[in-house]
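Taking it in order: structure first as structure tokens, then the write-up.
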Amino acid sequence: MFSTRIKIKELLLSEKVNYQATVMGWVRTFRNNQFIALNDGSTNNNIQIVATLGMFDEATLKRITTGACIKATGEVIASLGKGQKVELKADSIEILGDSDAEKFPLQPKKHSLEFLREIAHLRFRTNTFGSVFRVRHALSFAIHDFFTKKGFIGIHTPIITASDAEGAGEMFKVTTLPLDGTAPKNEDGTINFKDDFFGRSTNLTVSGQLEGELAAMAFGNIYTFGPTFRAENSNTTRHLAEFWMIEPEMAFYDLEDNMNLAEEFIKHIIRYAMDNNREDLEFLAQRLDEEEKQKPQNERSEMGLIEKLEFVINNDFERITYTEAIEILRESNHNKKKKFQYIIDKWGIDLQSEHERYLVEKHFKKPVILTNYPKEIKAFYMRQNDDGKTVAAMDILAPGIGEIVGGSQREERMDKLLKRMKEMHIPTEELDWYLDTRRFGACPHAGFGLGFERIVQFVTGMGNIRDVIPFPRYPKSASF
RNA sequence: UCCUCCUUAGCUCAGUUGGUUAGAGCAUCUGACUGUUAAUCAGAGGGUCGUUGGUUCAAGUCCAACAGGGGGAGCCA
């Protein structure tokens with residue numbers, strides 16, 4: 001057995017001294033030819049390894065460079081210096097992997113996030129990304145934990161799908177047909193997919209919702225948590241071409257049940273990260289704080305990261321209807337003074353992100369759940385309200401990020417659903433399997449979708465979504 | 001996709017109204033020092049100024065196109 005190591009987090013946490021230990025990790029700095037700051041990714045805190053002068057040969061010391069991987073064995077003692085409680089006085093140091101100091105790009109200094117994105121394969125070794133991805137994992141675990149405790153069944157919906165009728169966005173084609181122009185064609189010149197791998201045209205999924213609804217019609221409560229793909233040419237700080245989405249779907253839920261679950265869910269996973277990743281969040285809070293100081297006074301956020309998260313956990317989300325939101329916006333001084341780029345004048349228009357931000361950041365200063373949107377601006381499967389104008393939709397808007405959750409009560413009445421599909425030119429033949437849920441034992445049900453990276457952004461305070469997924473995919477970029 | 005800003009050493013950035021040999025800090029290398037905390041001190045190396053084309057006696061500096069990046073918008077999660 002090779003790994004007899006103790007993790008640095010455990011070693012530092014116990015504060016026990018006077019025992020033999022082995023640590024393994026990557027060198028952050030090597031000071032004074034004696035003091036190695038070693039990190040193993042279990043925490044941002046490094047263990048100080050003391051290589052007593054004269055105990056190690058010159059050749060070994062030369063190989064202890066920033067980025068090198070080493071194994072050190074010795075006695076854990078109370079530190080003789082300030083700055084750490086314990087340190088490891090090395091009896092032996094073994095270089096497991098050299099790192100050419102002239103070529104290793106990470107330095108013990110502040111790097112820009114843009115530069116680190118170019119070396120995404122190495123950025124895991126920085127404090128910022130160490131914290132971000134530990135928090136990401138905690139949130140991921142908390143999601144499964146939340147739904148499991150509530151008796152939800154996790155469903156793996158397909159990544160390759162045949163349907164392209166959901167209208168959730170542009171899709172990536174999946175094919176094994178040749179791309180050199182020799183693929184079989186129909187008489188009208190379009191590609192004939194009969195000889196393709198699946199014998200039909202297929203795409204990467206844009207949502208697991210429709211399949212999720214099928215499972216909910218058997219298990220009652222289900223959730224999906226998987227990768228999702230959108231071939232939109234979106235170049236923003238909150239869009240990715242490949243992202244992870246959580247989509248719960250619940251039988252016997254109406255819109256209010258749906259909102260209650262979504263709010264409880266968000267609070268639960270934030271609470272989990274606060275309880276289990278305090279150190280990482282404090283590091284990220286400090287990082288954000290320094291970043292904020294670079295901004296002009298009027299652009300700085302009023303709350304620090306920890307404060308903001310506490311606030312979200314401890315306060316009810318504001319719940320208003322679309323109609324009320326339009327009223328608030330129309331009557332706002334911001335609107336009257338024509339400070340919006342898009343002036344709010346009539347009911348029925350879609351809200352622009354400037355309006356969402358006004359509601360969340362200026363007016364309510366807390367997360368807002370917007371409900372009952374006009375049916376014209378929402379998807380075909382949303383349940384039609386009795387007023388004939390709106391649907392039982394809900395979006396949760398978060399400060400700094402905007403839409404974090406989109407959901408609705410689903411239209412379970414076959415006649416209404418079919419009518420709406422026709423109006424919106426959704427091909428019913430292709431979705432016949434979906435319509436079976438309405439044919440055989442239809443029931444009131446609801447669900448929502450939550451972009452995982454967006455909640456990771458919210459919790460870590462990272463401004464760019466490309467910095468909360470290890471290897472981001474976006475237009476013109478699929479490195480690593 | 002649209003608007004806008006940016007691109008100078010490995011990194012972060014200076015570079016004046018266009019003018020001779022393009023600078024700094026950090027990193028790297030060499031040496032000194034040795035209980036340091038992004039160690040310190042001394043010295044050295046390191047640049048086709050994003051690419052291509054244009055204006056000019058002269059371009060890092062002005063103009064254009066393209067590429068890449070940032071911020072904002074749209075689409076959305």
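Each chain gets a letter, A, B and so on, in the order its sequence line appears, and its residues count up from 1.
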Just name whichever nucleotide pairs with B:rU1, Watson-Crick or G-U, keeping both distances under 3.5 Å, else none. B:rA73
A:Gln352 atom CD is separated from B:rC75 atom C1', nearest whole Å, by 11 Å
For a quick check of understanding: with a heavy-atom distance under 4.0 Å over all strands, which category does A:Ser353 fall into, base, sugar-phosphate or nothing? sugar-phosphate
Among B:rG71, B:rG68, B:rU28, which is the nearest nucleotide to the side chain of A:Glu102? B:rU28
Name the nucleic acid region contacted by A:Leu240, choosing base, sugar-phosphate or nothing; use a 4.0 angstrom heavy-atom cut-off, strictly under. base
Does the gap between the ring centers of A:Phe243 and A:Phe229 come in under 6.0 Å? no
Please lay out, stage by stage, how A:Arg28 and A:Thr66 fare under the test side-chain contact (heavy atoms from CB on, under 4.5 Å). CA-CA 5 Å; A:Arg28 285 286 173 87; A:Thr66 302; over 6 Å; no
Mind checking if A:Glu403 touches a base, just sugar-phosphate, or nothing, with heavy atoms under 4.0 Å? sugar-phosphate
Value in whole Å for how far the P atom of B:rG50 lies from CZ of A:Phe115: 18 Å
Presence of donor-acceptor pair under 3.5 Å, side chain of A:Ser234 and base of B:rC76: no
Nearest to the side chain of A:Arg230 - B:rA77, B:rU36, B:rU28? B:rA77
State, to 0.1 Å, how close A:Pro472 and A:Leu240 come at their nearest heavy-atom pair, and which atoms those are. CB-CD2, 3.9 Å
Which nucleotide in the list B:rA39, B:rG69, B:rA73 gets nearest to the side chain of A:Thr29? B:rA39
Please state the C1' separation for the pair B:rU37 and B:rA24 - nearest whole angstrom. 25 Å
What is the minimum heavy-atom distance between A:Ser332 and A:Tyr358, and which atoms define it? CB-OH, 3.3 Å
Using the P atoms only, state how far B:rC13 lies from B:rU52, rounded to an integer number of Å. 25 Å
Side chain of A:Glu114 only, heavy atoms from C-beta on: which candidate in B:rU34, B:rG69, B:rA73 is closest? B:rG69
Just to be sure I understand the rule, does A:Gln84 reach a base, reach only the sugar-phosphate, or reach nothing, if contact means heavy atoms closer than 4.0 Å? base
Under 3.5 Å donor-acceptor, A:Glu263 side chain and A:Phe317 backbone: yes
To the nearest Å, give me how far apart CZ (A:Arg117) and P (B:rU12) are. 12 Å
Given B:rA73, B:rU36, B:rA77, the nucleotide with the shortest approach to the side chain of A:Asn32: B:rU36
note: A:Glu170, atom CD; B:rC75, atom P; distance rounded to Å ~ 14 Å
Given that both distances must come in under 3.5 Å, which nucleotide forms a Watson-Crick or G-U wobble pair with B:rG68? B:rC6
Is it the case that A:Gln84 and A:Asn45 place a side-chain donor and acceptor less than 3.5 Å from each other? no
Rounded distance in Å - CD1 (A:Ile143) to P (B:rA77): 17 Å
Nearest whole Å is fine: how far is B:rC76 C1' from A:Met171 CE? 14 Å
Could you tell me which nucleotide pairs with B:rA44 by Watson-Crick or G-U wobble geometry, both distances under 3.5 Å, or answer none if nothing does? B:rU28
For A:Lys103, report the nucleic acid contact type (base, sugar-phosphate, nothing); a contact means any heavy atom under 4.0 Å. nothing
With the side chain defined as heavy atoms from C-beta on, A:Gln107 is closest, among B:rC26, B:rC29, B:rG71, to B:rC26
Identify which nucleotide among B:rA38, B:rU34, B:rG74 has an atom closest to any side-chain atom of A:Gln34, counting heavy atoms from C-beta outward. B:rU34
Under 4.0 Å, counting only non-hydrogen atoms across every strand here, what does A:Ser79 touch: a base, just sugar-phosphate, or nothing? base
Return the residues of residues 43-61 of chain A meeting this criterion: a heavy atom under 4.0 Å from some atom of RNA chain B. Order them by number, or give none. A:Gln48, A:Leu53
Can you tell which of B:rA77, B:rA39, B:rU28 lies closest to the side chain of A:Ala101? B:rU28
Is there a donor-acceptor pair under 3.5 Å between the side chain of A:His355 and the backbone N or O of A:Tyr342? yes
Length of the CG-C1' vector between A:Leu80 and B:rU37, whole Å: 14 Å
What nucleic acid atoms does A:Glu87 come within less than 4.0 Å of, heavy atoms only: base, sugar-phosphate, or nothing? base
Using a heavy-atom cut-off of 4.0 Å across all strands, would you classify A:Arg28 as base, sugar-phosphate, or nothing? nothing
Paired with B:rU20 by Watson-Crick or G-U wobble geometry, both distances under 3.5 Å: which nucleotide is it? none
Contact class for A:Phe35 vs. all strands (heavy atom < 4.0 Å): base, sugar-phosphate, or nothing? base
Yes or no on side chain to side chain donor-acceptor pair (under 3.5 Å) for A:Gln209 and A:Tyr381, after CA distance, side-chain angles and deciding distance? CA-CA 10 Å; A:Gln209 183 198 314; A:Tyr381 49 73; 3.1 Å; yes
Which of A:Asn44, A:Thr43, A:Thr460 passes side-chain hydrogen bond (donor to acceptor under 3.5 Å, both in side chains) with A:Arg134? Answer is A:Asn44
Do the side-chain N or O atoms of A:Arg238 get closer than 4.0 angstrom to the phosphate oxygens (OP1, OP2) of B:rA73? yes
Does A:Phe452 lie flat on the base of B:rA77, that is, centres under 5.5 Å apart and planes under 30° off? no
Using the C1' atom in both, what is the distance from B:rU56 to B:rG18, to the nearest Å? 9 Å
Identified pairing partner of B:rU34, criterion: Watson-Crick or G-U wobble below 3.5 Å: none
Aromatic ring proximity A:His268/A:Phe146, centre distance under 6.0 Å: yes
Salt bridge (charged side-chain N to carboxylate O under 4.0 Å, His left out) involving A:Arg466 - partner list, sequence neighbours excluded: none
Return the nearest nucleotide to the side chain of A:Lys109; candidates are B:rU37, B:rU12, B:rG72. B:rU12
How close or far is atom P of B:rA77 from atom CD1 of A:Ile469, stated in whole angstroms? 17 Å
Under 3.5 Å, is there any donor-acceptor pair linking the side chain of A:His239 to the base of B:rC76? yes
